Amino acid sequence: MLDQRLVRERPNLIAHELERRGIKLDLNSLQQIAQQQRDLEEQRSKLQSRGNLIGKEVGEKIRQGFDPKAPEIRELRDQGNQIKQEVALIEEKEKTISAVLKEKLLSLPNLPSPECPDGKDEKDNQEKYRWGAPRQEANLEEHWEIANRIKLFDTERTAKISQSRFVTLLGQGARLERALINFMLDLHTSKGYQEVFPPVLVNTASLKGSGQLPKFADESFRCIDDDLWLTPTAEVPLTSLHREEILAANKLPLKYVAYSPCFRREAGSYGKDTKGLIRLHQFNKVELYWFAHPEKSKEAHAQITNDAEAVLQALELPYRVIELCTGDLGFSASRTFDLEVWLPGAQAYREISSCSVCTDFQARRSSIRTKEGKTTRLIHTLNGSGLAIGRTMAALLENGQQQDGTVKLPEALVPYFGSDLLQPDFRY
RNA sequence: GGAGAGGUGGCUGAGUGGUUGAAAGCGGCUCCCUGCUAAGGAGUUACAGGAGGCAACUUCUGUCGAGGGUUCGAAUCCCUCCCUCUCCGCCA
């Protein structure tokens, strides 16, 4: 959410910054609403001030021994009632207008960072650097072909269990998924991240706090009988972990790592990535999350990206780092680095992590602050996948595939998986 | 699901209609003392929004789970809802 004061006082700045994201909107009307709301508030508080004085006077008189039914007191009471009615009138207007304002503000995305390059869509994203040597041979298999052959998962049977875009991992596939989760959690906790295992059902306030609502309701699964939704990412419960809190400045940054299943409706992506592990309604992810001091968030962003990259490096997976342009930024982000892993079978780089700094956008929605001396200020939040498990598995399969049909796994996984080789399994 | 208890500042916890935005303690901050550490002393310390000032700050309003109501006046009384805890039942 954007600062209301900014809307009132510098609407042009907001209009300009949102235009960088490709959003054109009439900020004059928004500014007027904000201004009206403030004017009403001012009117009301002046009336209330008078009302309070009258109340005090009555109390004072009664204490001095006036008869509560004396005309002086009756007069004051009448005045009090008069004011009460006027206040009620203003309050009614105020309520309507601030509901409108709030709804509008909640629907505006974050302002892009000055460092975020201008651009219209993903074509304008900038590659920053590459790591590792991508395999380029011809005739390499895509990950679902490999998985099918050695029986790591079963999508056909899964349709009986739930729907398309879900997967049932089998045998080595199930074990590898588990190994990857543990491997990543261990790697991050060894670097000072605190491990969290959050609930998967979250309430509306949590989704609002991190920016998924009100705008993207159709992207999440919801429970019809309760005020609960399935988390689209652990970013949601992690943001709300400290919702409405004032965090001690000397404890910042707070760094969390959470494994969670993630649920997304993927509305509007019919026909895209229909095979394999790339785009599923349910997938596993290890998420990194920082609550940072507002002046340290730039360094934090570099660090969280680094920490996500460390997973790819440990798994010996070639990747590149992409800086998203303004037009491709997520709703809450002010600046984002995507990590794209090389998929030799597809001969393409695919997003496997997205590391964003959300400045005070989520903190304002969630009311997460810190205190320095006498002033409280909003903290900054950052998030990054570290990493998406399914896509990591896809990358491992395609990068590790060998002539004999087996898959070689990186050494780092051996303690977790128990082997460095995936072989066909005929039991399934 | 049944019965009961409760939701107050960063935390613990007083407070049942009239200067109570709220005692006390803890914690935090500032200063003093101390050779160091430990301890001690003095002061200070809710949040949000508005107005004024370059600023330190001053001032107004709101906020004691949320929303209504009673009243000139509500943390305190009434209603509705939400949440937490305890016990019982059911259950992984």
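Sequence lines set the chain letters: A, B, ... in the order given, protein chains first and strands last, and positions in each chain run from 1. Computed from a predicted structure; not experimentally measured.
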Residues A:Gln4, A:Leu101; criterion side-chain contact (heavy atoms from CB on, under 4.5 Å); working and verdict: CA-CA 9 Å; A:Gln4 227 158 298; A:Leu101 181 63; 3.4 Å; yes

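- With sequence neighbours excluded, no residue forms a salt bridge (charged side-chain N to carboxylate O under 4.0 Å, His left out) with A:Arg391.
- In terms of phosphate contacts, A:Lys95 brings a side-chain nitrogen or oxygen within less than 4.0 Å of OP1 or OP2 of B:rG68.
- Within the structure, salt bridge (Lys or Arg N to Asp or Glu O under 4.0 Å) pairs that include any residue of residues 246-266 of chain A comprise A:Glu266-A:Arg279 (at least two apart or interchain).
- Taking the C1' atoms as reference points, B:rU70 lies 26 Å from B:rC83, given to the whole Å.
- Across B:rG21 and B:rG17, the matching P atoms stand 15 Å from one another, rounded to whole Å.
- Side-chain nitrogen and oxygen atoms of A:Asn250 include none within less than 4.0 Å of the OP1 or OP2 phosphate oxygen of B:rG28.
- Nearer to the 5' terminus of RNA chain B, by closest-nucleotide assignment, is the contact made by A:Ser49 (compared with the other of A:Leu76 and A:Ser49).
- For the C1' atoms, the distance from B:rU34 to B:rA39 is 9 Å, rounded to whole Å.
- Legend: residues meeting side chain to side chain donor-acceptor pair (under 3.5 Å) with A:Thr158, ordered by chain and number and at least two apart, are A:Thr168.
- A:Arg350 is linked by a salt bridge (charged side-chain N to carboxylate O under 4.0 Å, His left out) to A:Asp273, counting only residues two or more places apart in sequence or in another chain.
- Sorted by first and then second residue, the side-chain hydrogen bond (donor to acceptor under 3.5 Å, both in side chains) pairs involving residues 95-107 of chain A (not counting sequence neighbours) form an empty list.
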Between the protein and nucleotides 17-21 of chain B, which nitrogen or oxygen pairs come in under 3.5 angstrom?
{"residue": "B:rG18", "atom": "O2'", "partner": "A:Arg63", "partner atom": "NH2", "Å": "3.0"}
{"residue": "B:rG18", "atom": "N2", "partner": "A:Gly55", "partner atom": "O", "Å": "2.9"}

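- For the ring pair (Phe, Tyr, Trp, His ring centres under 6.0 Å) test, no residue two or more places apart in sequence or in another chain qualifies with A:Phe263.
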Heavy-atom protein contacts under 4.0 Å, nucleotides 47-54 of chain B, coded B base, S sugar-phosphate only, - none: SSBSS---

Using atom types as modelled, flag every donor-acceptor pair under 3.5 Å from a side chain in residues 332-339 of chain A to any protein atom, sequence neighbours excluded.
{"residue": "A:Ser332", "atom": "OG", "partner": "A:Ser210", "partner atom": "O", "Å": "2.9"}
{"residue": "A:Ser334", "atom": "OG", "partner": "A:Val357", "partner atom": "O", "Å": "3.4"}
{"residue": "A:Arg335", "atom": "NE", "partner": "A:Glu323", "partner atom": "OE2", "Å": "2.8"}
{"residue": "A:Arg335", "atom": "NH2", "partner": "A:Glu323", "partner atom": "OE1", "Å": "3.0"}
{"residue": "A:Arg335", "atom": "NH2", "partner": "A:Glu323", "partner atom": "OE2", "Å": "3.4"}
{"residue": "A:Thr336", "atom": "OG1", "partner": "A:Ser356", "partner atom": "OG", "Å": "2.8"}
{"residue": "A:Asp338", "atom": "OD1", "partner": "A:Ser354", "partner atom": "OG", "Å": "2.7"}

